[in-house]
Amino acid sequence: MPELPEVEVVRRGLEPAITGRPIASVRVLHPRPVRRHEAGPDAFAATLNGRTFGVPRRRGKYLWLPLTDGDAVLAHLGMSGQFRVDAPGAPLLRHTRVVFDLGGDPAGPTTELRFVDQRMFGGLSLSPGGADLPAEVAHIARDPFDAAFDPEVVAARISRKRSAIKRVLLDQTVVSGIGNIYADEALWRARVAGTTPADALPTASVFAVLDAARAVMADALGQGGTSFDALYVNVNGESGYFDRTLEAYGQEGRPCSRCGTPIVREAFMNRSSFRCPACQPATA
DNA sequence: AGGGCAACCTGGGGGC
DNA sequence: TGCCCCCAGGTTGCCC
């Protein structure tokens with residue numbers, strides 16, 4: 001479940017389900033999602049045995065499950081990754097890749113934490129000493145939900161870039177958590193065309209885009225995220241409803257809710273972009 | 001530093 | 001029913 005709101009939905013679901021729970025055993029059903037663990041799938045499973053999960057954390061689209069000994073299980077959902085919390089023995093979904101058998105809940109039965117991933121662009125790895133901030137995440141900028149996120153600093157950095165503003169929004173080393181959907185939604189809200197060079201935008205517009213990105217992701221989180229299909233669900237398999245609120249992304253041909261002009265779809269960075277040609281005019 | 005693009009995967013949908 | 005091509009909320013790495 002790619003972008004920040006969807007990843008945060010997962011983190012919030014994991015928190016009550018795994019915090020404080022010991023790992024009784026790990027089963028790796030497909031080696032690809034643990035490819036970053038150099039010692040191999042069996043070693044990945046073995047090294048986690050007997051350790052205990054702390055409170056799940058997130059930066060941008062990266063998620064990590066701290067272990068109480070200071071290490072962490074780092075996770076990225078890629079394009080199709082999910083975490084599911086299930087009762088032991090519940091039927092496995094088709095693309096289940098890794099299963100954690102959890103124990104230790106004095107108030108209830110054991111639980112299985114399952115990593116499911118159709119396309120396997122994401123994965124899990126052990127991050128030594130990564131409980132606070134995995135080294136693999138150090139190059140990722142703070143996201144707009146981070147208490148230490150500083151809009152002034154980020155806006156100044158954006159204003160120095162000559163790249164198209166959408167490209168900058170998608171650059172996870174500038175500001176993290178924004179993907180193709182929320183970039184388009186933020187640009188629509190701020191009335192800015194994604195192809196506009198960042199350094200050509202008035203300062204007020206840069207702040208408007210940043211604030212719109214934070215706001216639209218907060219709105220989406222409030223709706224449980226964006227779910228077009230069963231690939232993007234919470235740890236219980238439930239869909240979010242923000243797709244009903246999208247104003248630009250995927251709305252090709254539909255009238256802009258502000259001005260009635262049909263939303264257009266354009267190719268950008270080898271993917272699709274959507275904008276209102278009237279509210280978000282492209283610069284010449 | 002910036003930008004283009006293929007690669008990593010699986011599966012759904014549309015056209016013929 | 002089958003096939004082929006295009007599409008998909010991401011990231012990395014290589015090339016110019």
Side-chain angles (χ1 to χ4, degrees), chain A residues 1-11 29-36 58-63 74-83 93-97 115-125 134 136-141 143 157-188 194-200 213 216-217 219-221 223-234 239-252 265-274:
Chain A
M1 304 179 82
E3 306 181 51
L4 187 154
E6 293 76 38
V7 179
E8 177 61 16
V9 164
V10 171
R11 194 206 65 75
L29 277 43
H30 194 300
R32 177 135 192 97
V34 297
R35 63 193 176 281
R36 293 196 63 169
R58 181 192 55 73
R59 174 178 284 192
K61 303 169 194 171
Y62 280 85
L63 185 62
L74 177 65
H76 197 289
L77 302 179
M79 286 287 272
S80 55
Q82 306 176 14
F83 272 112
L93 290 174
R94 182 174 176 189
H95 301 293
T96 302
R97 310 304 190 188
F115 182 70
V116 181
D117 193 358
Q118 176 195 106
R119 296 174 70 183
M120 299 183 288
F121 285 0
L124 310 177
S125 60
E136 300 88 337
V137 182
H139 69 293
I140 299 296
D143 62 64
R157 194 166 162 213
I158 290 174
S159 294
R160 275 185 258 116
K161 298 260 183 193
R162 275 178 284 182
S163 301
I165 182 64
K166 181 169 177 181
R167 178 183 287 275
V168 179
L169 289 178
L170 294 175
D171 182 344
Q172 304 297 303
T173 68
V174 174
V175 51
S176 70
I178 303 169
N180 206 33
I181 290 182
Y182 298 111
D184 279 4
E185 293 302 303
L187 291 164
W188 181 88
T195 49
T196 311
D199 65 358
V216 72
M217 291 196 291
D219 290 348
L221 181 56
Q223 301 286 313
T226 300
S227 305
F228 296 134
D229 53 47
L231 236 41
Y232 306 99
V233 294
N234 68 15
S239 294
Y241 298 101
F242 194 70
D243 59 307
R244 301 172 188 175
T245 310
L246 295 175
E247 299 280 6
Y249 186 86
Q251 307 303 304
E252 180 181 21
R265 170 186 183 154
E266 296 160 327
F268 181 75
M269 290 174 71
N270 292 319
R271 37 210 325 205
S272 292
S273 286
F274 300 85

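Throughout, a chain's letter reflects where its sequence line sits, starting with A, and its residues are numbered from 1.
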- Task: Could you check whether A:H30 gets within reach of a base, just the sugar-phosphate, or nothing at all, counting any heavy atom under 4.0 Å?
- Result: nothing
- Taking OP1 and OP2 of B:dG2, is either one under 4.0 Å from a side-chain nitrogen or oxygen of A:K161? yes
- Message: I'd like to check the ring pair (Phe, Tyr, Trp, His ring centres under 6.0 Å) partners of A:F268; sequence neighbours left out, ordered by chain and number.
- Response: none
- From the options C:dT11, C:dG9, C:dC7, select the nucleotide whose nearest atom is closest to the side chain of A:Y62. C:dT11
Polar-atom pairs under 3.5 Å, protein N or O versus N or O of nucleotides 12-15 of chain B: list them with distances, or write none.
none

- Item | DNA chain C contacts among residues 163-172 of chain A, heavy-atom distance under 4.0 Å | A:Q172
- Note on the structure: Contacts of A:I140 and A:F274 projected onto DNA chain C by closest heavy atom; the upstream (5') one is A:F274
- Note on the structure: Only residue of A:T195, A:N180, A:T196 satisfying side chain to side chain contact (heavy atoms under 4.5 Å, CB included) with A:K166 is A:N180
- Across all chains, not counting sequence neighbours, the salt bridge (charged side-chain N to carboxylate O under 4.0 Å, His left out) partners of A:D117 are none
- Task: Name all residues meeting the salt bridge (charged side-chain N to carboxylate O under 4.0 Å, His left out) criterion together with A:K61; count only those two or more places apart in sequence or in a different chain, and write none if there are none.
- Result: none
- Query: Just to confirm, is there a sub-4.0 Å distance from OP1 or OP2 of C:dT11 to any side-chain nitrogen or oxygen of A:H76?
  - Reply: yes
- Return the set of residues passing side chain to side chain contact (heavy atoms under 4.5 Å, CB included) with A:S159 (not counting sequence neighbours), or none when no residue passes. A:V206
- With pairs taken as Watson-Crick or G-U wobble and both distances under 3.5 angstrom, which stems of at least three consecutive pairs involve DNA chain B? B:2-8 with C:10-16, B:10-16 with C:2-8
- When we call it a touch if two heavy atoms are under 4.0 Å apart, what does A:R265 touch: a base, just sugar-phosphate, or nothing? sugar-phosphate
- What is the nucleic acid contact for A:F242, judged by heavy atoms within less than 4.0 Å: base, sugar-phosphate only, or nothing? nothing
- Query: Can you check the A:E252 CD to C:dC6 C1' distance for me, whole Å?
  - Reply: 14 Å
- Contact check, residues 175-186 of chain A vs DNA chain C, heavy-atom distance under 4.0 Å, returns A:G179, A:N180, A:I181
- The salt bridge (charged side-chain N to carboxylate O under 4.0 Å, His left out) partners of A:D219 (sequence neighbours excluded) come to A:R189
- Message: Using the side chain to side chain contact (heavy atoms under 4.5 Å, CB included) criterion, which residues pair with A:R94? Sequence neighbours excluded.
- Response: none
Would you list the protein and nucleotides 14-16 of chain C atom pairs, both N or O, that sit under 3.5 Å from each other?
none

- Roughly how many Å is it from CE in A:M217 to C1' in C:dG9, rounded to a whole number? 12 Å
- Query: Can you list the steps and then say if A:E6 with A:Y182 is a side chain to side chain donor-acceptor pair (under 3.5 Å)?
  - Reply: CA-CA 11 Å; A:E6 293 76 38; A:Y182 298 111; 2.5 Å; yes
Quick one: which protein N/O atoms are closer than 3.5 Å to N/O atoms of nucleotides 6-9 of chain B? Pair and distance per line, please.
residue: B:dC8; atom: O3'; partner: A:R32; partner atom: NH2; Å: 3.0
residue: B:dC9; atom: OP1; partner: A:R32; partner atom: NE; Å: 3.3
residue: B:dC9; atom: OP1; partner: A:R32; partner atom: NH1; Å: 2.9
residue: B:dC9; atom: O5'; partner: A:R32; partner atom: NE; Å: 3.4
residue: B:dC9; atom: O2; partner: A:R119; partner atom: NE; Å: 2.8
residue: B:dC9; atom: N3; partner: A:R119; partner atom: NH2; Å: 3.3

- Indicate syn or anti for C:dG9, taking the glycosidic torsion and treating anything within 90° of 0 as syn. syn
